[in-house]
Protein chains: 4
Amino acid sequence: MNSKQEKIFTAAIEKFSQKGSTNTTMQEIAETAGVGKGTLYRYFKNKEDLIFSLIKYGIDEMASKVKEAVENVQDPVKKLEIVIEVQLEFYNQYRGFCKFLTREIWGPQSKFEEHIKEIRTNNTVIIEDIISQGIEEGKLKGINAELGAVSLSGMINITALHWFMFHESFPVEKIKENLISLYFDGIII
Amino acid sequence: MNSKQEKIFTAAIEKFSQKGSTNTTMQEIAETAGVGKGTLYRYFKNKEDLIFSLIKYGIDEMASKVKEAVENVQDPVKKLEIVIEVQLEFYNQYRGFCKFLTREIWGPQSKFEEHIKEIRTNNTVIIEDIISQGIEEGKLKGINAELGAVSLSGMINITALHWFMFHESFPVEKIKENLISLYFDGIII
Amino acid sequence: MNSKQEKIFTAAIEKFSQKGSTNTTMQEIAETAGVGKGTLYRYFKNKEDLIFSLIKYGIDEMASKVKEAVENVQDPVKKLEIVIEVQLEFYNQYRGFCKFLTREIWGPQSKFEEHIKEIRTNNTVIIEDIISQGIEEGKLKGINAELGAVSLSGMINITALHWFMFHESFPVEKIKENLISLYFDGIII
Amino acid sequence: MNSKQEKIFTAAIEKFSQKGSTNTTMQEIAETAGVGKGTLYRYFKNKEDLIFSLIKYGIDEMASKVKEAVENVQDPVKKLEIVIEVQLEFYNQYRGFCKFLTREIWGPQSKFEEHIKEIRTNNTVIIEDIISQGIEEGKLKGINAELGAVSLSGMINITALHWFMFHESFPVEKIKENLISLYFDGIII
DNA sequence: AATGAATGAGACTTCATTCAT
DNA sequence: CATGAATGAAGTCTCATTCAT
């Protein structure tokens, strides 16, 4: 990735996570990134494009990390455990992005609703497929796979966000254990 | 509640849920409510106050419905079932509010962060208390009660929102069953 | 006409005639008119709308003055004389508008080209009709009426503009005589 | 003339005639000319200089064509006929320049007002001198020579522009005949 | 010499808020 | 009390110009 674009991305996430995308001005992003205001518009068509690119970049990044981690694992139960672990780690490492993402993904997407749907789907579908596989193999309960995937997504996302906002520390290991216990002892037959 | 204030609330939720609070102008709210722009400022100090009042009103409303429904029930397991049911029903009935709330509650609270924390806590604490009670009574697993509460909250909220946005219908009964199955068979010993 | 709109019109013509519409900022117009910047946008959708409204208003004004002056005259030659006189007087009285109009009417109309054509036509057609009438009555030479109308329009407009820019005074009477002599002794049989 | 400068001139006229000089960016001109943006600044001090150079180049070109064509002619009436013919031909051949010129020459000259005056004068004075000569020789009416020159200029310019904008074809011969008839039978004793 | 990435002044426009009616 | 015309701070975006390569 281009180094200047990277600086802009980093600056944007920092600001967006602190103040929300709507309350952050392009001016602020430029200053934080250490570039001129006009430079932002060389790399992104407009503010909306910058936001959308960030969402896409972040989700794709997370999704690919999850895919990679799960690739050579066969057991769907083990796979789900890895999903939880990787996502928690990702959120922990990129807390700003986590905050930013949660807001934007449920926001009024107006212009790029379709893209957001697609992006969001890409992420959820990974989990959904694992659950479907697990159900077929008789290792997981026969619940609605989509609902199972969305629920897990929501649990992880909201819990992480809650901890970032209400607690000083984020004990990934402890939270992971709890979430797995909570989600597994129900879903495993 | 004053009738004019109610009209404003209704109009605001309608607009906020469609376009987000930042993309909604006071003008639009006034027009939708059928009152003059200046009138909004008789009932609310400013836009921020209107947003905050809405959040508070909505959450308090939901919390009081939950409290009321749970009041005379002893069994914590039954209580949790009721929580899920009541919240799903509430979101279903006030879909606009559900969308609005999810965005705002995780948004950049800037000015009234403390109030939001308090409000959000009020809601989560109900669930947390039920879980604590259940653990003491030996009916629920000994997980971290706060995490259990936040997880449930997230599951319900995100799942509801997902269904509103990706599916035509919202089969409350079916979703309730699935969520209960998912959450219960794990948390119940 | 609304008094504030009139103030804006006057201010806009003053500025536009001095610096051209593109080099005049909405800020300047607001200041000159003694109103707030936002007020401009209560009366006009945007800058383009303001420019277009001015053109339309001015041309309609001039056309209606011409029509009125010519109404009860029968002789087409006398009519043409009146046209020249009225237009010169109009340009003389509203020099700023004359400058502004000449630039805009031949400018890159982009968005409202069709409207401009219509407006410009409305004005030229009055002269064209008089010429056609004169030809039918055998009092004017059988030249192309449209060309005759456009030529006269151009002569008047460019001559007026030239005098405003290169001479201190604008001797309407003298110029009128010269133009009539020039245009008449050719067109009259 | 340098070949790269010529490419820039051609590109600039094309764009200016289409969108007006203010609505054309240096970027666009560079792209159309097939050179880098920075190169424009090797050949012209800035955008204003480019515009001014174009005006000067075009008018000088036209004026020299007129001068050349008129050089060995004695009769002032014949001279005027040639002026009309040459200018119409010139406009017809360089329609884009005709549009561009008409706008700019009457535009808000701000920075180079004096130069424009000089340039414009150069052109008008040729006609003015012919008229003066004709008056002295007793072949033309004793009207104000400057007004006669400006009027003819205006007639030709505006008529040409009108035909470019409102009609598909530009029948030079027909228009020439009409203009000569119109202008001559009045100005010739 | 030629290029085009980078810059930032400045333009247009929106909208929360005020206040005279 | 209610209204909506008026305001101007502030935001997004454009584009002439510079300068390192």
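Residue numbers start from 1 in every chain, and the chains themselves are labelled A, B, ... in the order their sequence lines are given, proteins ahead of strands. Bear in mind that the values here come from a model prediction, so they are computed numbers and not experimental data.
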query: Considering only heavy atoms from C-beta outward, does the side chain of D:I51 approach that of D:F100 to under 4.5 Å?
result: yes
Exercise for the section: Considering just the side-chain nitrogens and oxygens of C:Y43, establish if one lies under 4.0 Å of OP1 or OP2 belonging to F:dA5. Expected result: no
Sorted by chain and number, sequence neighbours left out, salt bridge (charged side-chain N to carboxylate O under 4.0 Å, His left out) with D:E14 holds for none
Does [X] have any side chain to side chain contact (heavy atoms under 4.5 Å, CB included) partners at least two apart in sequence or in another chain, and if so, which?
| X | answer |
| --- | --- |
| A:T22 | B:T22 |
| B:E31 | B:Q27 |
| A:I13 | A:L54, A:F97 |

Applying side-chain hydrogen bond (donor to acceptor under 3.5 Å, both in side chains) to A:D60 and not counting sequence neighbours gives A:K56
By side-chain hydrogen bond (donor to acceptor under 3.5 Å, both in side chains), D:T25 pairs with (sequence neighbours left out) D:E28
Taking atom [atom2] of [N] as reference, at what distance in whole Å does atom [atom1] of [X] sit?
| X | N | atom1 | atom2 | answer |
| --- | --- | --- | --- | --- |
| B:E31 | E:dC15 | CD | C1' | 13 Å |
| B:N46 | E:dC15 | CG | P | 17 Å |
| A:L50 | F:dC13 | CG | P | 10 Å |
| D:E28 | F:dT17 | CD | C1' | 16 Å |
| A:Y41 | F:dC15 | OH | P | 13 Å |
| D:Q27 | F:dA16 | CD | C1' | 11 Å |
| B:I29 | F:dT3 | CD1 | C1' | 17 Å |
| B:Q5 | F:dC1 | CD | P | 13 Å |

Stem ranges of DNA chain E by first residue number, counting only runs of at least 3 Watson-Crick or G-U pairs under 3.5 Å, come to E:2-21 with F:2-21
Checking C:Y43, C:F16, C:F44 against C:F9 for ring-ring contact (aromatic ring centres under 6.0 Å, His included), the one that qualifies is C:F44
Applying ring pair (Phe, Tyr, Trp, His ring centres under 6.0 Å) to A:Y91 and not counting sequence neighbours gives none
Distances under 3.5 Å between protein N/O atoms and the N/O atoms of nucleotides 7-11 of chain F, please, pair by pair.
residue, atom, partner, partner atom, Å
F:dT7, OP2, C:G36, N, 2.8
F:dT7, OP2, C:T39, OG1, 2.3
F:dG8, N7, C:G38, N, 3.2
F:dA10, N6, C:K37, NZ, 3.0

